[in-house]
Amino acid sequence: MKLHSVLIALGLLLAAAVAEAQTPSVGRASRLTGDQVSSAQAPGGPVRKLKEGDPVFAGERIRTGAGTVLEIEFNDKSRFTLGPNTEFEVERYFQAAGGTGEEAFTSRVFKGAFRFVSGLIARKKRENVHISIAVATIGIRGTHFEGEVSERQQKDGKTVDASAKVALLEPEGSDAGNAIVVENKFGSVVIDKPGYGTEIPDEKSPPSPVKKMQLRTIDNLQRALRTPARTGGPARRP
């Protein structure tokens, strides 16, 4: 019986390895700091531990531990930084050779803190880049923004709606037209001034009017990435 269970487990791992070899990666775990506890899991597949340099695939649910900050660099040079206790998934990623206009990058943040720097796909076809969060969708008109997402949960016997905050950051490099649109079925706002953002307090409200924002979780996340990782070596400023 034990041998049978071992053979099944080995078969699942082999199947996952074969699928991984046949499916091109969309990026890699470019940096891990803190406790360096992060995992990736394809639907119905085994959980694999993510180490620095490991590939990341579309459809995988990425999770970070309570003391971990993970940076993912995608093939088009866009970057996602995920804070502790964050869950994230690349829903669709397609980068056509030669820039045919079919490029697309859609992803979802289920919970936690994140920071996004757009890459080549957003520069060529920004309308095909979208980030879904629990209470809204973020459309790309710019290059650099951050957010915090809380999932629906039970507290003291009551259901607390999901919520989110999103803020625009200073663009990296010389990119122009830095802006994002945050929208849901109740309304939308355009954020085009760095340091400003919006808050969606629950699942039944539109994004708030644009206002000055300070997301302390993101500040801590950025600080963590600037410190040396436990594996040694100087940190690279994202």
Side-chain angles (χ1 to χ4, degrees), residues 41 43 58-66 68-70 72 78-93 104-118 121-122 125-170 177-222:
Q41 183 178 21
E60 287 187 312
R61 181 73 65 95
I62 309 296
R63 296 180 175 90
T64 58
T68 299
V69 174
L70 167 66
I72 302 173
S78 58
R79 298 196 309 274
F80 255 104
T81 303
L82 308 179
N85 291 325
T86 295
E87 291 190 19
F88 167 78
E89 179 182 324
V90 177
E91 296 180 321
R92 182 169 181 253
Y93 184 98
F105 184 7
T106 60
S107 58
R108 181 176 296 272
V109 179
F110 296 90
K111 67 173 184 176
F114 70 93
R115 187 164 64 96
F116 179 71
V117 180
S118 60
I121 294 178
K125 208 73 176 176
R126 66 185 186 185
E127 64 270 24
N128 288 356
V129 180
H130 298 279
I131 299 170
S132 295
I133 54 180
V135 287
T137 299
I138 304 169
I140 308 299
R141 295 183 183 177
T143 59
H144 194 184
F145 58 92
E146 62 188 12
E148 295 177 6
V149 182
S150 68
E151 60 183 349
R152 185 187 300 175
Q153 54 193 300
Q154 294 291 324
K155 284 187 177 180
D156 301 324
K158 296 181 179 180
T159 300
V160 178
D161 276 358
S163 63
K165 299 176 182 177
V166 181
L168 189 68
L169 300 175
E170 291 286 350
N178 193 38
I180 55 175
V181 56
V182 181
E183 59 185 341
N184 60 22
K185 63 182 181 180
F186 303 105
S188 67
V189 295
V190 175
I191 306 166
D192 57 8
K193 188 175 181 181
Y196 284 74
T198 185
E199 182 174 0
I200 306 99
D202 54 50
E203 298 169 24
K204 299 173 285 294
S205 298
S208 70
V210 177
K211 58 184 179 180
K212 184 76 172 177
M213 300 286 285
Q214 184 176 10
L215 278 61
R216 294 182 180 178
T217 302
I218 298 294
D219 292 339
N220 293 337
L221 184 155
Q222 292 177 325

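As a basis for the values below, the full set of heavy atoms in this structure was taken, side chains included, without hydrogen atoms, waters or symmetry mates.
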Criterion side chain to side chain contact (heavy atoms under 4.5 Å, CB included) on Val182 and Ile200, from CA distance to verdict: CA-CA 10 Å; Val182 181; Ile200 306 99; 4.0 Å; yes
Pair Lys165-Glu146, side chain to side chain contact (heavy atoms under 4.5 Å, CB included): steps then yes or no: CA-CA 8 Å; Lys165 299 176 182 177; Glu146 62 188 12; over 6 Å; no
Partner residues of Arg108 under the salt bridge (charged side-chain N to carboxylate O under 4.0 Å, His left out) criterion, sequence neighbours left out: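 Per chain and number, Arg108 pairs via salt bridge (charged side-chain N to carboxylate O under 4.0 Å, His left out) with Glu91.
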Rounded distance (nearest 0.5 Å) linking atom [atom1] of [X] with atom [atom2] of [Y]:
X: Glu148; Y: Thr86; atom1: CD; atom2: OG1; value: 9.5 Å
X: Glu183; Y: Ile138; atom1: CD; atom2: CD1; value: 10.5 Å
X: Met213; Y: Leu169; atom1: CE; atom2: CG; value: 11.0 Å
X: Phe105; Y: Arg92; atom1: CZ; atom2: CZ; value: 12.0 Å
X: Gln41; Y: Glu89; atom1: CD; atom2: CD; value: 10.5 Å
X: Ser107; Y: Ile62; atom1: OG; atom2: CD1; value: 11.5 Å

Gln154 vs Thr159, side chain to side chain donor-acceptor pair (under 3.5 Å): CA-CA, chis, key distance, verdict: CA-CA 5 Å; Gln154 294 291 324; Thr159 300; 2.6 Å; yes
Glu170 backbone acceptor or donor facing His144 side chain under 3.5 Å: yes
Side-chain donor or acceptor of Thr64 paired with backbone N/O of Val69 under 3.5 Å: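 Between the backbone of Val69 and the side chain of Thr64 there is no qualifying donor-acceptor contact (under 3.5 Å).
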Validation row, ring centre Phe88 to ring centre Phe80 under 6.0 Å: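 Centroid separation for Phe88 and Phe80: below 6.0 Å.
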For a quick test of reading the model, state the closest non-hydrogen atom pair linking [X] to [Y] and the distance between them.
X: Ala162; Y: Val135; value: O-CG1, 3.4 Å
X: Ser150; Y: Ala134; value: O-CB, 4.2 Å
X: Pro201; Y: Glu199; value: CD-O, 3.6 Å
X: Pro43; Y: Gly59; value: CD-O, 3.3 Å

Derivation of the side chain to side chain contact (heavy atoms under 4.5 Å, CB included) call for Phe145 and Asn178: CA-CA 9 Å; Phe145 58 92; Asn178 193 38; over 6 Å; no
Stepwise side chain to side chain contact (heavy atoms under 4.5 Å, CB included) check, Phe114 with Val149: CA-CA 8 Å; Phe114 70 93; Val149 182; 4.1 Å; yes
Residue pairs passing the side chain to side chain donor-acceptor pair (under 3.5 Å) test where at least one lies in residues 201-210, sequence neighbours excluded: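 Pairs touching residues 201-210 that pass the test: Arg152-Glu203, Asp161-Lys204, Thr198-Ser208, Asp202-Ser205.
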Option among Glu151, Arg63, Glu87 that satisfies the side chain to side chain contact (heavy atoms under 4.5 Å, CB included) test with Phe110: Glu87
Partner of Pro207 by side chain to side chain contact (heavy atoms under 4.5 Å, CB included), out of Val190, Ile191, Asn184: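 Only match with Pro207 under side chain to side chain contact (heavy atoms under 4.5 Å, CB included): Asn184.
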